[in-house]
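Worksheet: one structure, shown below.
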Amino acid sequence: MAPRAVGPGFHAKVFAMVKRVPPGRITTYGDVATALGSPRVARHVGWALASLTDRDVPWHRVINAQARISFKGDSVRGELQRQLLEAEGVKFDTRDRVDMKALRYRFHDLIHSDTETLDV
DNA sequence: GGTTTGACCATAA
DNA sequence: CTTATGGCCAAAC
């Protein structure tokens with residue numbers, strides 16, 4: 001694949017949004033997508049990051065709603081992401097899960113917190 | 001310009 | 001808990 005080196009449009013928003021995430025914090029694709037205006041574009045968020053390679057975008061701070069690292073096929077990226085997060089102080093659970101409730105970074109109050117998943 | 005795909009999410013079983 | 005299915009939308013082919 002040969003992605004463009006310039007801002008493809010939607011990706012630009014994703015990149016800018018991910019750049020907002022402070023170190024030691026994590027966020028989910030859905031949150032980024034919601035912050036962009038539509039929670040349905042969650043797939044594009046990850047897909048946009050897929051085009052990333054060496055940029056100022058902390059893609060490793062973006063995980064899925066399951067509080068786990070998502071990767072389809074190449075597990076190498078997942079291991080790398082885990083190392084990058086650990087380097088920032090993010091601790092992983094025994095099942096490779098992070099404390100989303102505490103580390104989840106919210107871009108704005110635009111996200112509905114109606115459904116609170118009470119687990120554990 | 002139609003088809004395929006994809007680092008997802010929510011819901012159901 | 002895990003697995004399966006549908007949906008959603010932009011970019012790549």
Side-chain angles (χ1 to χ4, degrees):
Chain A
M1 297 90 148
R4 295 187 176 180
V6 296
F10 199 93
H11 294 188
K13 294 183 181 179
V14 178
F15 299 145
M17 193 61 69
V18 176
K19 285 180 185 174
R20 284 192 183 185
V21 182
R25 278 294 206 33
I26 58 96
T27 184
T28 68
Y29 301 96
D31 284 2
V32 176
T34 304
L36 291 177
S38 299
R40 283 112 165 139
V41 296
R43 304 180 97 176
H44 309 102
V45 176
W47 188 63
L49 298 177
S51 190
L52 281 175
T53 47
D54 36 14
R55 212 177 275 251
D56 303 302
V57 182
W59 59 270
H60 53 270
R61 291 178 196 154
V62 184
I63 61 179
N64 60 1
Q66 301 178 4
R68 279 199 255 174
I69 302 176
S70 300
F71 51 90
K72 206 178 201 179
D74 294 335
S75 56
V76 181
R77 179 177 294 129
E79 306 223 358
L80 174 62
Q81 182 169 8
R82 175 170 175 170
Q83 292 180 15
L84 290 171
L85 288 175
E86 287 181 336
E88 294 187 349
V90 178
K91 305 301 182 182
F92 279 82
D93 198 327
T94 314
R95 301 178 35 223
D96 298 318
R97 293 209 298 188
V98 301
D99 191 350
M100 187 193 303
K101 300 182 123 209
L103 298 177
R104 187 179 189 190
Y105 170 76
R106 299 186 177 176
F107 301 97
H108 248 267
D109 301 338
L110 304 176
I111 307 176
H112 305 141
S113 301
D114 295 330
T115 54
E116 295 199 41
T117 51
L118 187 63
D119 197 284
V120 179

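All chains are named by letter (A, B, ...) in the order of the sequence lines, taking the proteins before the strands, and each is independently numbered beginning at 1.
Distance from the side chain of A/W47 is smallest for C/dA11 among the nucleotides C/dC1, B/dA7, C/dA11. Counting only heavy atoms from C-beta on, A/Y29 has its side chain closest to B/dC9 among B/dC9, C/dC1, C/dA11. When distances run from any side-chain atom of A/A42 to the nucleotides B/dC8, C/dC1, B/dA7, the shortest one goes to B/dC8. Which of C/dT2, C/dA12, B/dA7 sits closest to the side chain of A/A50 comes down to B/dA7. Comparing atom distances between the A/H11 side chain and each of C/dT2, C/dA11, B/dC8 picks out C/dA11 as nearest.
Between A/W59 atom CH2 and B/dG6 atom P there is a gap of 18 Å when expressed in whole angstrom units. Note: CD (A/E79) to P (B/dA7) measures 17 Å, nearest angstrom. In this structure, A/I69 atom CD1 and B/dC8 atom C1' are separated by 15 Å, rounded to whole Å. Between the CD1 atom of A/I26 and the P atom of B/dC8 there is a distance of 14 Å, rounded to whole Å. A straight line from CZ of A/F15 to C1' of C/dA11 spans 12 Å, rounded to a whole angstrom. Rounded to a whole Å, the CG atom of A/D96 is 18 Å from the P atom of B/dA7. At whole-Å resolution of the value, CG in A/L36 and C1' in C/dA10 are 12 Å apart. In this structure, the CZ atom of A/F10 is 11 Å from the C1' atom of C/dA11, given to the nearest Å.
In terms of the side-chain contact (heavy atoms from CB on, under 4.5 Å) criterion, residue partners of A/T28 (sequence neighbours excluded) are, by chain and number, A/D31, A/M100, A/R104. Residues satisfying the salt bridge (Lys or Arg N to Asp or Glu O under 4.0 Å) test with A/R82, not counting sequence neighbours, are A/E86, A/D96.
By the 4.0 Å N-to-carboxylate-O rule, A/R61 lies close enough to A/E88 to be salt-bridged with it.
Within 4.0 Å of A/A65, counting heavy atoms only, lie sugar-phosphate atoms of the nucleic acid but no base atom.
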**Request:** May I have the step-by-step check of side-chain contact (heavy atoms from CB on, under 4.5 Å) for A/I26 and A/V62, ending in yes or no?
**Result:** CA-CA 6 Å; A/I26 58 96; A/V62 184; over 6 Å; no
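Distances shown here put every side-chain N or O of A/R43 at or beyond 4.0 Å from the OP1 or OP2 atom of C/dG6. Contact annotation: A/R40 side-chain N/O to B/dG6 OP1/OP2 distance is not under 4.0 Å.
Looking only at distances, a side-chain donor or acceptor of A/N64 sits under 3.5 Å from a matching main-chain atom of A/R68.
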